[in-house]
Amino acid sequence: MSEFKLTTVEEFEAATERLLETGAKVGADAWQFRVKNQTPHCKFGEMGVCCRICSMGPCRITPKAPRGICGCDVHGIVGRNFLRFTAGGAATHSDHGREICITLGYAKEGGDYQVKDPEKLIRIAKEWGVETEGKDIYDLAHEMSDLAQEEYGKIRGVSRWLKRAPQHTQDLWHAAGIEPRAIDREVSCALHMTHMGNTSKPEALIRQALRNGLSDGWGGSMCGTEFSDVLFGTPKPIETEANLGVMNAENVNIVVHGHDPSLSEMICEVADSKEMIDYAKSMGAKGITISGVCCTSNEVAMRRGIPMAGNFLQQENVVLTGACEAIVVDVQCIFPALGPLSKCFHTKFITTSPICQMPDSEFIEFSAGSAGEKAKQIVKLACENFKNRKPELVYIPEMKQKATVGYSVEAIVKTLDGVTNSQVDETGTTKPLLECITSGVIRGAVAMVGCNNPKIRPDSAHIELMKKLIANDIVIIASGCSAQAAAKAGLMDKAAKDLCGAGLKRVCELADIPPVLHMGSCVDISRMLILASELAKDSGLNISQLPVVGCAPEWMSEKAVSIGNYVVATGIDTFLGVDPYVSGSDQVAGLLTEGVRDWVEAAYTVEKDIDKLGDLMIERIEEKRSALGI
Ligand code: BF8
Ligand code: SF4
């Protein structure tokens with residue numbers, strides 16, 4: 001048996017260095033160089049004290065200039081900026097969710113898109129009070145597609161998904177006046193509130209930030225996750241691999257990047273056909289390798305075992321291998337840098353969405369109605385590009401790790417229930433997991449999420465924190481680029497159990513799971529909300545009492561702030577390694593780190609010292625255990 005060893009951040013960096021050498025030969029730029037030109041960053045921006053929402057400004061708050069021209073103080077400016085940041089993230093996740101709801105409307109028997117999980121569709125329909133008896137599954141899919149899209153603009157009531165939360169949580173939201181209404185309305189309302197001459201009271205701005213976050217997590221993102229499962233299947237544990245070594249020098253390499261699985265699913269489907277594999281062979285390749293970057297990668301890894309080439313700050317690296325025939329992107333987290341970079345190589349940079357158009361890309365518009373045909377066009381183009389590869393520029397770092405991914409809530413419940421109950425029951429509960437927690441075999445759980453950010457040595461915070469937490473018998477549930485950092489390091493290999501404390505190691509052995517569970521993309525953080533809700537309901541506790549915290553140590557995007565807000569608003573303390581541009585206002589920072597606790601029983605902690613961040617999480621988990629007397 002070969003000995004298991006994690007891949008270190010130093011090894012990641014050595015591979016990147018080698019790739020940057022290739023880049024230097026062809027005059028390629030990279031984020032490592034651009035970051036030098038952009039630092040030190042503007043202090044006003046970092047503190048959140050610059051306002052440019054009207055053309056009397058920009059106004060910057062200093063001790064000598066304590067108010068903007070309109071008279072707004074620093075707290076109003078910082079609070080407005082924070083709310084706008086949230087609205088950007090909530091809109092982005094939710095619009096992705098809407099696209100999935102629209103795609104559901106195109107599902108048909110034998111079509112490009114089909115209902116792969118009819119049971120889940122029926123379950124959601126029943127939850128929403130829709131008659132399912134005797135109904136054709138595709139008629140039901142179309143009816144649900146309409147209803148889900150209506151969630152974005154309904155004229156009365158609150159999000160349908162809120163009912164999934166424990167009653168206590170729903171009561172808190174009601175009392176705090178933060179139950180999200182129509183999904184689009186909360187984004188509009190946030191932009192309205194932050195227009196010149198509207199709200200400048202921090203408390204009102206932060207309340208709306210939570211509400212807008214909730215419209216994402218318990219609205220748009222939940223639509224995205226749930227209906228993606230209906231269309232593409234609910235993830236189950238599946239083996240895959242991660243890191244650049246998953247690319248194959250002898251094959252046509254297509255890298256899918258972005259977030260919306262509608263495109264990547266179709267590319268995978270088409271690339272798997274004999275017709276396309278033969279076509280690749282006719283172009284001199286041995287076959288086709290699809291790999292992924294960012295959340296699109298998480299989506300297809302969870303459902304198809306498609307390997308993960310890397311996460312956010314590794315997106316340029318895939319092109320620098322010189323072996324990428326096409327990088328095909330849908331939406332979000334895509335570096336505009338890929339345009340000019342692809343021009344230094346033979347790589348085709350293919351944009352596909354009107355939402356994400358970039359210079360120096362080839363735009364092949366993708367839509368649910370013509371999905372199969374467009375996917376075929378893209379895969380063919382990549383195959384034809386194989387002959388343009390410059391062999392002298394090809395270098396793929398031999399670096400990859402095995403990973404078991406696909407831990408949806410359904411899969412976690414089934415896996416753990418299977419260990420304790422000899423008769424696996426389809427409607428299992430979270431009770432076995434709760435027993436592990438209450439007995440102390442597992443001390444608690446951390447939801448590790450979010451991005452990379454050059455402000456933090458890439459992946460180091462994710463990996464170091466995970467190692468520390470699992471050694472302390474804390475199980476990790478990961479998503480987004482955090483999940484990919486774990487997979488690249490080897491923490492999603494079942495053999496990583498040897499790095500755990502004795503309790504968690506035992507659970508990993510009995511349940512045959514890795515200590516870091518891959519729960520999907522960033523919209524899939526809605527799965528974490530459901531898991532927390534189920535744990536609370538099954539234990540009779542409030543979510544805020546569970547020894548569970550959230551953590552985004554390397555976050556960078558507006559989406560991450562929206563996520564942070566809905567995780568906190570759901571009653572889960574959230575730990576950040578990067579400041580959300582609020583240090584300029586003690587009132588706003590105070591609300592976020594303490595004040596909101598009065599409304600939702602949880603708050604943020606911001607700590608840039610990553611080791612300390614880990615200690616603080618462990619401390620919080622132990623505090624919650626003591627409060628419960630466990
Ligand atoms: O939505 S973790 S860098 S890829 S924003 Fe983007 Fe951040 Fe990665 Fe997915 Ni989420
Ligand atoms: Fe300045 Fe007020 Fe205009 Fe902001 S809204 S730019 S603080 S005048």
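Remember, it's 1-based here, ligands and their atoms both numbered in the order they're listed. The structure displayed is predicted, hence computed values, not measured ones.
For atom 3 (Fe) of ligand 2, the N/O/S atoms of Cys70 include none lying under 2.8 Å. One of the N, O or S atoms belonging to His259 lies under 2.8 Å away from atom 9 (Fe) of ligand 1. None of the N, O or S atoms belonging to Cys451 lies under 2.8 Å away from atom 9 (Fe) of ligand 1.
Taking every non-hydrogen atom of Gly57 and a distance limit under 4.0 Å, the qualifying atoms of ligand 2 come out as 6 (S). Taking every heavy atom of Met196 and a limit of under 4.0 angstrom, the matching atoms of ligand 2 come to 5 (S). Ligand-side atoms of ligand 1 in range of Phe312: 3 (S), range being under 4.0 angstrom from any heavy atom. In summary, the atoms of ligand 1 found under 4.0 Å from a heavy atom of Gly450, numbered by their order in the structure, are 2 (S). Below 4.0 Å from some heavy atom of Cys295 lie the following atoms of ligand 1, by number and element: 1 (O), 4 (S), 9 (Fe).
Just one of His259, Gln484, His257 meets the side chain to side chain donor-acceptor pair (under 3.5 Å) condition when paired with Ser297; it is Gln484.
Of the protein's non-hydrogen atoms, Cys59 SG, 2.3 Å is the one closest to atom 1 (Fe) of ligand 2. Nearest non-hydrogen protein atom to atom 6 (S) of ligand 2 is Cys51 O, 3.4 Å. Of the protein's non-hydrogen atoms, the one nearest atom 3 (Fe) of ligand 2 is Cys54 SG, 2.4 Å. Ranking protein heavy atoms by distance to atom 8 (Fe) of ligand 1, first place goes to Cys481 SG, 2.3 Å. For atom 10 (Ni) of ligand 1, the nearest non-hydrogen atom of the protein is Cys522 SG, 2.2 Å. If you check which protein heavy atom lies closest to atom 6 (Fe) of ligand 1, you get Cys333 SG, 2.3 Å.
Only side-chain heavy atoms of Ser557 come within less than 4.0 Å of ligand 1; its backbone N, CA, C and O stay farther off. For Arg80, every heavy-atom contact with ligand 2 shorter than 4.0 Å involves the side chain, none the backbone. Here Met556 has side-chain heavy atoms under 4.0 Å from ligand 1, and that is the only part of it that gets that close.
When all heavy atoms of Pro514 and Tyr407 are compared, the closest pair comes out as CD-OH, 3.5 Å. The minimum heavy-atom distance between Gln587 and Pro202, with the atom names listed, is OE1-CG, 3.5 Å. Minimum heavy-atom separation, Val409 to Arg527: CG2-O, 3.2 Å. Residues Thr86 and Ala209 share a closest heavy-atom pair of CG2-O, 3.5 Å.
A donor-acceptor contact closer than 3.5 angstrom is absent between the side chains of Thr234 and Ser408. Side chain to side chain, Asp330 and Ser353 fail the donor-acceptor criterion of an N or O pair below 3.5 Å.
Ring geometry for Trp161 versus Phe227: interplanar angle of 30 to 60°, hence tilted.
Within 6.0 Å of CZ on Arg52 lie no more than 12 heavy atoms contributed by other residues, nucleotides or ligands. Counting heavy-atom neighbours within 6.0 Å of Lys468 NZ, excluding the residue itself, gives a total above 12.
Checking side-chain atoms of Ser585 against main-chain N and O of Val582 turns up no donor-acceptor pair under 3.5 Å.
For the ligand labelled ligand 1, residue Ser521 lies outside the 4.0 Å heavy-atom shell.
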